[in-house]
Number of protein chains: 2
Amino acid sequence: MKKATSLAEENYLKAIYKLHERNGAMVSTSALAESLQVNAASVTDFIKKMAAKKLISYEKSRGVMLTEKGRLIALSIIRKHRLWEVWLVTNLGFKWDEVHEIAEQLEHVISDELIEQLDKHLGYPKTDPHGDLIPDAKGRFIKNSSKPLLDCAAGDRVKFTGVAEHSNSFLQYLTRSNIKLGDELLVESIEEFDKSFQVKINNKERKLLSKEVVKNLLVMLL
Amino acid sequence: MKKATSLAEENYLKAIYKLHERNGAMVSTSALAESLQVNAASVTDFIKKMAAKKLISYEKSRGVMLTEKGRLIALSIIRKHRLWEVWLVTNLGFKWDEVHEIAEQLEHVISDELIEQLDKHLGYPKTDPHGDLIPDAKGRFIKNSSKPLLDCAAGDRVKFTGVAEHSNSFLQYLTRSNIKLGDELLVESIEEFDKSFQVKINNKERKLLSKEVVKNLLVMLL
DNA sequence: AAAATAAATTAGGTAAGCCTAATTATGTAT
DNA sequence: ATACATAATTAGGCTTACCTAATTTATTTT
Ligand SMILES: [Mn+2]
Ligand SMILES: [Mn+2]
Ligand SMILES: [Mn+2]
Ligand SMILES: [Mn+2]
């Protein structure tokens with residue numbers, strides 16, 4: 001069982017997948033360089049080699065896209081990352097803002113049996129601790145209908161299902177504000193001037209959330 | 001938090017530790033080359049760099065020894081390896097002959113909090129699935145008094161506590177023979193000619209074990 | 001002790017994955 | 001259409017961790 005994909009390749013594939021997911025279309029050299037914290041010249045070099053391996057398609061000076069082969073590898077890394085995050089939170093007692101760095105390492109461990117057993121051990125979770133969907137072993141996941149709370153109207157009753165921003169400072173802000181995944185939010189009013197939202201959480205506490213916050217809270221209508 | 005020790009350095013340190021443990025004294029270039037499956041010339045190169053970093057002491061043409069610094073790193077890798085093996089067997093349902101390769105990867109994941117939480121989660125195990133001792137966070141472990149079954153005499157009643165040989169074929173032989181860690185073995189007789197042992201397992205089954213087998217079964221007198 | 005053998009080192013290279021500096025291509029403003 | 005700014009690529013290097021072939025050192029055998 002030899003290693004077909006290097007650590008660097010796995011990280012490039014994952015970065016390309018995520019940049020494509022957020023911005024659509026082709027991924028630019030500079031976006032990749034920024035995301036991977038690597039010099040743009042190094043990226044140009046590397047993507048040429050990846051294109052030769054048919055992991056991505058590359059149009060000179062225009063950017064890259066994942067091939068089906070590359071997309072499946074990216075999804076398997078993302079699957080591993082998210083399953084490990086679930087394990088770290090539910091079995092080892094880590095907080096949702098403490099697991100990403102560790103999962104960044106664990107996601108590269110190679111063993112199909114391991115990841116299958118882990119999935120089973122966790123009870124086949126559909127989402128990770130941040131509400132992100134976990135693809136199945138074949139790279140498929142059920143897209144859900146969550147959207148930013150910002151897009152909701154006064155009077156909407158929704159469930160908090162995920163975050164659009166994964167920074168520790170945002171996750172910690174939510175923890176301090178006692179807003180947890182699965183909470184029910186009622187939009188009581190929206191301030192026209194600054195788009196801040198007055199919400200009621202789980203029919204109990206009232207909270208004022210800034211536009212910056214509601215933009216990054218993903219919710220589903222109840 | 002930067003990475004002080006590379007993957008290759010970790011593997012060299014672990015190999016040196018294990019070779020020293022088995023053979024005592026200094027570890028030769030060729031022994032390391034064989035153990036790590038790399039060319040001897042590469043080893044010579046690498047150990048010079050490790051010596052410059054004070055991870056080992058190196059006497060040209062005579063061999064290497066771990067410094068205290070290197071020993072502690074080696075022990076921390078071994079600790080991680082064995083804790084992960086315990087987890088794979090007790091939580092994920094792997095067999096004792098299926099965990100080593102996966103643990104070889106997991107042992108390099110860097111996070112003190114992770115390994116302490118894992119240790120806690122597992123209930124602070126003292127031994128791994130092969131009976132090997134798990135060092136504590138400071139690199140200490142309680143040496144036990146196990147010895148090869150070969151060194152026992154007829155009439156001895158012992159407990160099977162570990163294996164001196166970790167190959168999958170030996171582990172699988174024991175599984176097929178229904179001999180498990182913790183089993184009680186009674187030495188009924190020893191054949192003078194070939195040193196084969198007639199043993200009674202858990203006061204039930206009788207088995208004939210070859211010298212090659214009893215040499216590699218570690219036991220404690222009851 | 002000399003010769004033969006085995007082990008270790010040195011010398012010179014390679015591939016992966018990065019870098020900086022220089023050059024070229026692309027997109028925007030005038 | 002030209003000039004300017006930004007993005008991308010090319011050229012030339014570096015480090016890590018390997019390699020093979022040649023040489024030197026250590027250990028055995030005769
Ligand atoms: Mn994450
Ligand atoms: Mn996540
Ligand atoms: Mn092992
Ligand atoms: Mn073990």
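Here is how names work: the chains are called A, B, and so on, in the same order as the sequence lines, proteins then strands, and each is numbered from 1.
Straight-line distance from the CG atom of B/Leu55 to the C1' atom of D/dA17: 16 Å, rounded to whole Å. If you measure from atom CG of B/Leu36 to atom C1' of D/dC18, you get 12 Å, rounded to the nearest angstrom. Rounding to whole angstrom units, CD of residue A/Gln37 and C1' of C/dC19 are separated by 15 Å. For A/Phe46 and C/dA16, the CZ to P distance is 9 Å, given to the nearest whole Å. At whole-Å resolution of the value, CE in B/Met26 and P in D/dT27 are 13 Å apart. Distance CG (A/Asp45) to P (D/dG12): 13 Å, rounded to an integer number of Å. If you measure from atom CG of B/Asn11 to atom C1' of D/dC18, you get 14 Å, rounded to the nearest angstrom. With rounding to whole Å, B/Glu59 atom CD is found 13 Å from C/dA8 atom P.
Nearest to the side-chain atoms of B/Ser61 among the listed nucleotides D/dT25, D/dT10, D/dC18 stands D/dT25. In the set D/dT10, D/dC19, C/dT9, the nucleotide with an atom closest to the side chain of B/Tyr58 is C/dT9. Of all nucleotides listed (D/dC18, C/dT9, D/dA8), D/dA8 comes nearest to the side chain of A/Thr44. For B/Ile47, the listed nucleotide lying nearest its side chain is C/dT9; candidates were D/dT10, D/dT9, C/dT9.
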Please step through side chain to side chain donor-acceptor pair (under 3.5 Å) for the pair B/Asn11 and B/His108, ending with a clear verdict. CA-CA 9 Å; B/Asn11 285 331; B/His108 301 290; 3.1 Å; yes
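Residue B/Ala40 is in base contact, counting any heavy-atom pair closer than 4.0 Å across all strands shown. A/Ser30 comes within 4.0 angstrom of the backbone, heavy atoms only, and of no base.
Checking the phosphate oxygens (OP1, OP2) of C/dA16, no side-chain nitrogen or oxygen of A/Tyr12 falls inside 4.0 Å. The phosphate of D/dT16 has neither OP1 nor OP2 within less than 4.0 Å of any side-chain N or O from B/Ser6. In this structure, B/Lys60 reaches the C/dT10 phosphate: one of its side-chain N or O atoms is under 4.0 Å from OP1 or OP2.
Ring geometry, B/His121 versus A/Trp87: the interplanar angle exceeds 60°, so the pair is classed perpendicular (tilted spans 30 to 60°). A perpendicular orientation is assigned to the rings of B/Trp84 and A/Trp84, their planes being inclined by more than 60° (bins at 30° and 60°).
Nearest-nucleotide positions on DNA chain D for B/Ala41 and B/Lys49 put B/Lys49 closer to the 5' end. Between B/Asn39 and A/Lys53, the residue anchored nearer the 5' end of DNA chain C, judged by the nucleotide with its closest heavy atom, is B/Asn39. Between A/Arg62 and A/Ser42, the residue anchored closer to the 5' end of DNA chain C is A/Ser42, taking for each the nucleotide with the nearest heavy atom.
A/Arg71 and A/Glu68 are joined by a salt bridge, as a carboxylate oxygen and a charged side-chain nitrogen come within less than 4.0 angstrom of each other.
Two rings, from A/His100 and A/His166, have their centers 6.0 Å or more apart.
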